Amino acid sequence: MPNIKSAEKRVKVSSAKKLQNKMVASQMHTAIKKFNAAIAANDVALAEKLMAEAASKIDNAASKKVIHKNNANRKKSQIAKALYQLKSGVIVVKADAKTLKQAEQKAAAQRKAEEKAAAIAAWKEDKAKRESDKLAKKDPKAAKKAEKTTKTAKKPAKAKEEVEAPAAEAAPKKKTTKKAKETADAE
């Protein structure tokens, strides 16, 4: 932390300028992204309109020394070239390294998830087989019963519903008070 008054002011001024520069750069990048989206959508009229806006934002950033003037000229040249290629019918696929890397990572994560799910399914299947083999060694009759119940898994669920229904009918009756009995007798 600065001790001198002028150094403290420099910190405040530089942080304020940093925010202003960030705003200008953000506006420039947004304009370029919109232009690239129009190019990707093959919309020539919109791309021409957005090219003028993007070039303006790039020039503004260069005049405020947010980016170097040669960088600004290079960016304007790139967007003009992209528009020319769109007009002349050349197919342009604009993808930066970051987008490609993200797509690659997403595909790798999906492959990994599929492999993991397959491994878990194989493990569960192997475990069930080992348990059935173990049960068959101990008691062959019990193993046959277990196989039948796994084949007809839907039947026990229906039987359970049937079991619950009679239990509801056999529920104990409500207790009545003396006053309730008297009103019932009077009727």
Side-chain angles (χ1 to χ4, degrees), residues 18-19 21-51 53-54 57-58 61 66-67 71 74-172:
K18 180 181 177 184
L19 289 175
N21 292 343
K22 192 173 183 180
M23 181 184 70
V24 170
S26 176
Q27 289 173 348
M28 178 189 66
H29 291 304
T30 302
I32 293 171
K33 282 181 184 178
K34 286 180 181 178
F35 172 80
N36 287 336
I39 293 289
N42 292 329
D43 191 352
V44 177
L46 181 62
E48 285 178 346
K49 179 184 165 197
L50 291 175
M51 182 187 158
E53 186 180 324
K57 295 289 183 183
I58 292 169
V66 174
I67 61 172
N71 188 355
R74 185 176 54 83
K75 287 181 185 296
K76 289 191 294 184
S77 175
Q78 284 177 337
I79 62 175
K81 181 181 176 184
L83 182 62
Y84 172 76
Q85 287 177 340
L86 179 66
K87 285 181 179 179
S88 63
V90 177
I91 298 173
V92 179
V93 178
K94 181 97 173 151
D96 58 348
K98 184 178 178 183
T99 307
L100 294 173
K101 188 173 182 180
Q102 286 175 342
E104 211 174 270
Q105 288 175 343
K106 193 173 184 180
Q110 188 175 6
R111 277 195 312 273
K112 191 174 182 180
E114 289 171 357
E115 290 171 359
K116 186 176 180 180
I120 289 173
W123 175 79
K124 285 183 178 180
E125 191 175 302
D126 185 46
K127 184 178 177 184
K129 185 179 177 188
R130 281 184 285 154
E131 287 179 0
S132 66
D133 289 345
K134 192 176 191 182
L135 188 63
K137 286 181 181 177
K138 286 184 179 180
D139 190 11
K141 290 180 182 178
K144 288 181 182 179
K145 271 188 178 179
E147 287 178 19
K148 287 181 182 178
T149 56
T150 54
K151 288 179 184 176
T152 58
K154 293 181 180 177
K155 289 183 180 178
K158 289 180 181 177
K160 189 176 183 181
E161 290 173 5
E162 293 171 3
V163 171
E164 290 177 6
E169 293 172 6

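No experiment lies behind these values; they were computed from the predicted model shown. This chain uses plain numbering: 1 for the first residue, then up along the sequence.
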Asker: In chain order, what residues pass the side chain to side chain contact (heavy atoms under 4.5 Å, CB included) check against S77, with sequence neighbours excluded?
Answerer: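 Listed in chain order: nothing, the list is empty.
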Asker: Is there any salt bridge (charged side-chain N to carboxylate O under 4.0 Å, His left out) pair reaching into residues 33-49, and which pairs are they, with sequence neighbours excluded?
Answerer: E48-K87
Asker: For residues 113-128, which residue pairs qualify under side chain to side chain donor-acceptor pair (under 3.5 Å), counting only residues two or more places apart or in two chains?
Answerer: D126-R130
Asker: Determine the minimum heavy-atom distance between A31 and A54, stating which atoms define it.
Answerer: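 Looks like CB-CA, 3.8 Å.
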Asker: Within the side chain of S26, is there an N or O that forms a donor-acceptor pair under 3.5 Å with the backbone of K22?
Answerer: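 Here the side-chain-to-backbone pair does not exist.
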Asker: Mind listing the closest non-hydrogen atom pair of F35 and A82 along with its distance?
Answerer: CE2-CB, 4.1 Å
Asker: Does I79 form a side-chain contact (heavy atoms from CB on, under 4.5 Å) with I39? I'd like the steps, not just the answer.
Answerer: CA-CA 9 Å; I79 62 175; I39 293 289; over 6 Å; no
Asker: Who passes side chain to side chain contact (heavy atoms under 4.5 Å, CB included) against V66, sequence neighbours left out?
Answerer: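 Listed in chain order: N21, V24, A25, A61, K64.
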Asker: So, applying side chain to side chain contact (heavy atoms under 4.5 Å, CB included) with Q78, which one of K81, R74, K76 is it?
Answerer: R74
Asker: Can you name the residues that form a salt bridge (charged side-chain N to carboxylate O under 4.0 Å, His left out) with K57, not counting sequence neighbours?
Answerer: none
Asker: Applying side-chain contact (heavy atoms from CB on, under 4.5 Å) to Q102 and K106, what does each step give before you reach the verdict?
Answerer: CA-CA 6 Å; Q102 286 175 342; K106 193 173 184 180; over 6 Å; no
Asker: Please identify each residue that fulfils side chain to side chain contact (heavy atoms under 4.5 Å, CB included) with E53, with sequence neighbours left out.
Answerer: L50
